Engineer: 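Have a look at the structure that comes next, please.
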Amino acid sequence: MRETVRRRLAAWWEVNARDLPWRFGRTTPWGVLVSEVMSQQTQMSRVVPYWTEWMRTWPDAAALAAASAAEVITAWGRLGYPRRALRLQECARAVAQRYDDELPDDYETLLSLPGVGDYTASAVSSFAFGRRVPVIDTNIRRVLSRVLLGVESRGGAATRTERDLAADALPSDVAESVVWNQSVMELGAVVCTAKKPSCEICPIAGLCAFLAAGRPGLGERRTRPRQRFQGTDRQVRGIVLDALRRRRTGSDASASGLPRDEVEALWKDHAQLDACIASLDDDGLIDILPDGSLTLPR
DNA sequence: TTCCCGAGAT
DNA sequence: ATCTCCGGAA
């Protein structure tokens, strides 16, 4: 049964895998790690152009380690969650210094790197190094839960049940385990999507417990109610950082920072603006100069 | 509104 | 276990 699922997904993967530039051995393990970090909570379609330009600029960890924070934050552009960019650079420095610019290949060591959590450590270990490791992301949780258990996965952190399921379902053959991880994840991203799964074109529809059960609970809210974006600190931080990025790339290149009055014009609520500036400073995403003007970090 | 190949702090 | 980090698009 599961063997049939595995075989059909592997065949489907051969034909339908998206041709992403970091797949099929066309980049280094470091390139795979960069793609995984950029992909955290971000759609692939948005990642591809950023990844391509990023890897052209900084082909390996040592190159990224030597860049300035301002360059890194600017190159991150509008990918979102810019702290990822700083952590990726911290990661690059750790790899360059501790591991002689060679990315470690085991889960535990990868997990110890900045910006690398459970998902990224297992994904890099599996996809870049061909290790047999269960990968658990939102897609794999959803697909395995639907196909094998017939129920929707819940939002939030992965449950013990889901971890056990992913470990149990992983093919014992090493090469097959890598294709399994990639094909299950890809199916979740392209076919077995959260809101409108395309069961009519799914290669394992006939084997799916969720479809057989009438897709119970499809479309129910799985995650906790999201914080509205308008008016949040996230929006304000984004506005401030975008202003600094655009100023840096503009012809009005800054030996000095963005003047205080121009900063205050970015957002009406100055209490919130000040709090956001303080948090950006805490995160190391901006520098506050003595005159109160702002710049990207040196 | 929800989701997107999550991580880190509390 | 829950919260906060961006931004784009369905």
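Heavy-atom basis, side chains included; hydrogens, waters and symmetry copies ignored. The structure presented is a predicted model; accordingly, all values stated were derived computationally and were not measured. Numbered from 1 within each chain, the chains take letters A, B, ... in sequence-line order.
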Engineer: Over all strands shown, is A:Arg141 touching base, sugar-phosphate only, or nothing at heavy-atom distances under 4.0 angstrom?
Structural biologist: nothing
Engineer: Mapping A:Asp283 and A:Lys196 onto DNA chain C by nearest heavy atom, which one lands closer to the 5' end?
Structural biologist: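 Nearer the 5' end of the strand: A:Asp283.
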Engineer: What's the CE-C1' distance between A:Met38 and B:dG6, to the nearest Å?
Structural biologist: 15 Å
Engineer: So which one's nearest nucleotide on DNA chain B is more toward 5', A:Leu111 or A:Arg46?
Structural biologist: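 Upstream on the strand: A:Arg46.
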Engineer: Closer than 4.0 Å, any side-chain N/O of A:Arg142 to the OP1 or OP2 of B:dT2?
Structural biologist: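 No, no such contact exists.
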Engineer: For the P atoms, the ones on C:dG8 and on B:dA7, what distance do you get once it is rounded to whole angstrom?
Structural biologist: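 My reading of the P atoms in C:dG8 and B:dA7 gives 22 Å.
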Engineer: Are any of the side-chain nitrogens in A:Arg160 or A:Asp164 under 4.0 Å away from the carboxylate oxygens of its partner?
Structural biologist: yes
Engineer: Rounded to the nearest angstrom, tell me the gap between atom CG in A:Asp282 and atom C1' in C:dC5.
Structural biologist: 13 Å
Engineer: Kindly point out which of C:dC5, C:dC6, B:dC4 is positioned nearest to the side chain of A:Asn139?
Structural biologist: B:dC4
Engineer: Between C:dC5, B:dA7, B:dC4, spot the one nearest the side chain of A:Thr120, thanks.
Structural biologist: B:dA7
Engineer: For the side chain of A:Phe229, starting at C-beta, report the closest nucleotide among B:dC3, C:dC5, C:dC6.
Structural biologist: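 Among B:dC3, C:dC5, C:dC6, the one nearest the side chain of A:Phe229 is C:dC6.
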Engineer: Checking contacts here: which listed nucleotide (B:dG6, C:dA10, B:dG8) is nearest the side-chain heavy atoms of A:Lys195?
Structural biologist: C:dA10
Engineer: Rounding to a whole Å, what distance do you find between A:Asp137:CG and B:dC3:P?
Structural biologist: 14 Å
Engineer: From OH of A:Tyr50 over to C1' of B:dC4, roughly how many Å is that when rounded to an integer?
Structural biologist: 15 Å
Engineer: With nearest nucleotide decided by heavy atoms, which residue, A:Ala123 or A:Gly115, maps closer to the 5′ end of DNA chain B?
Structural biologist: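 Mapping each residue to its closest nucleotide by heavy atoms, the 5'-most match is A:Ala123.
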Engineer: Measure from the side-chain heavy atoms of A:Thr138 and tell me the nearest of B:dC3, B:dG8, B:dG6.
Structural biologist: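 Per side-chain heavy atoms of A:Thr138, the pick is B:dG6.
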Engineer: How is A:Arg84 classified with respect to the nucleic acid when contacts are heavy atoms under 4.0 Å: base, sugar-phosphate, or nothing?
Structural biologist: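 Nothing, no heavy atom under 4.0 Å.
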Engineer: Just one of A:Trp51, A:Trp58, A:Tyr50 clears the ring-ring contact (aromatic ring centres under 6.0 Å, His included) bar with A:Trp54, so which one?
Structural biologist: A:Trp58
Engineer: Could you check whether A:Val116 gets within reach of a base, just the sugar-phosphate, or nothing at all, counting any heavy atom under 4.0 Å?
Structural biologist: sugar-phosphate
Engineer: Does A:Arg78 have a side-chain nitrogen or oxygen under 4.0 Å from the phosphate oxygens OP1 or OP2 of C:dG8?
Structural biologist: yes
Engineer: Is A:Gly117 touching bases, backbone alone, or none of the nucleic acid, heavy atoms closer than 4.0 Å?
Structural biologist: sugar-phosphate
Engineer: Base, sugar-phosphate or nothing for A:Leu20? Non-hydrogen atoms, less than 4.0 Å.
Structural biologist: base
Engineer: Do A:Arg246 and A:Asp242 meet the salt-bridge criterion of a basic N to acidic O distance under 4.0 Å?
Structural biologist: yes
Engineer: Salt bridge check, A:Asp168 against A:Arg2: does any charged N sit closer than 4.0 Å to a carboxylate O?
Structural biologist: yes
Engineer: Could you give the distance separating B:dC4 and C:dA1 at their C1' atoms, to the nearest angstrom?
Structural biologist: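 Nearest-Å result for C:dA1 against B:dC4 at atom C1': 22 Å.
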Engineer: Please report, rounded to the nearest Å, how far the P atom of B:dC4 is from the CD1 atom of A:Ile136.
Structural biologist: 16 Å
Engineer: Output the rounded distance in Å from CD (A:Gln41) to P (B:dA7).
Structural biologist: 9 Å
Engineer: Measuring from the side chain of A:Arg83 (C-beta onward, heavy atoms only), which nucleotide among C:dC5, B:dA7, B:dC3 has the closest atom?
Structural biologist: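 In terms of side-chain proximity for A:Arg83, the closest of C:dC5, B:dA7, B:dC3 is C:dC5.
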Engineer: Would you state whether a donor and an acceptor, one from the side chain of A:Gln43 and one from the base of C:dG7, lie under 3.5 Å apart?
Structural biologist: yes
Engineer: Compare every heavy atom of A:Ala61 with every heavy atom of A:Ala92, then report the nearest pair and how far apart it is.
Structural biologist: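 Nearest heavy atoms, A:Ala92 then A:Ala61: CB-O, 3.4 Å.
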Engineer: How close or far is atom C1' of C:dT4 from atom CD of A:Gln272, stated in whole angstroms?
Structural biologist: 14 Å
Engineer: Looking at A:Asp118 and A:Ile136, what are the two nearest heavy atoms and their distance?
Structural biologist: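 Distance-wise, the nearest heavy atoms are OD2-O, 4.5 Å.
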Engineer: Mind checking A:Leu79 for me? I need base, sugar-phosphate or nothing, with any heavy atom below 4.0 Å counting as a touch.
Structural biologist: base
Engineer: Could you give the CD-to-P distance, from A:Gln230 to C:dG8, as a whole number of Å?
Structural biologist: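 After rounding, the gap between these two atoms is 12 Å.
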Engineer: Check this for me: does any side-chain nitrogen of one of A:Arg26 and A:Asp19 sit under 4.0 Å from a carboxylate oxygen of the other?
Structural biologist: yes
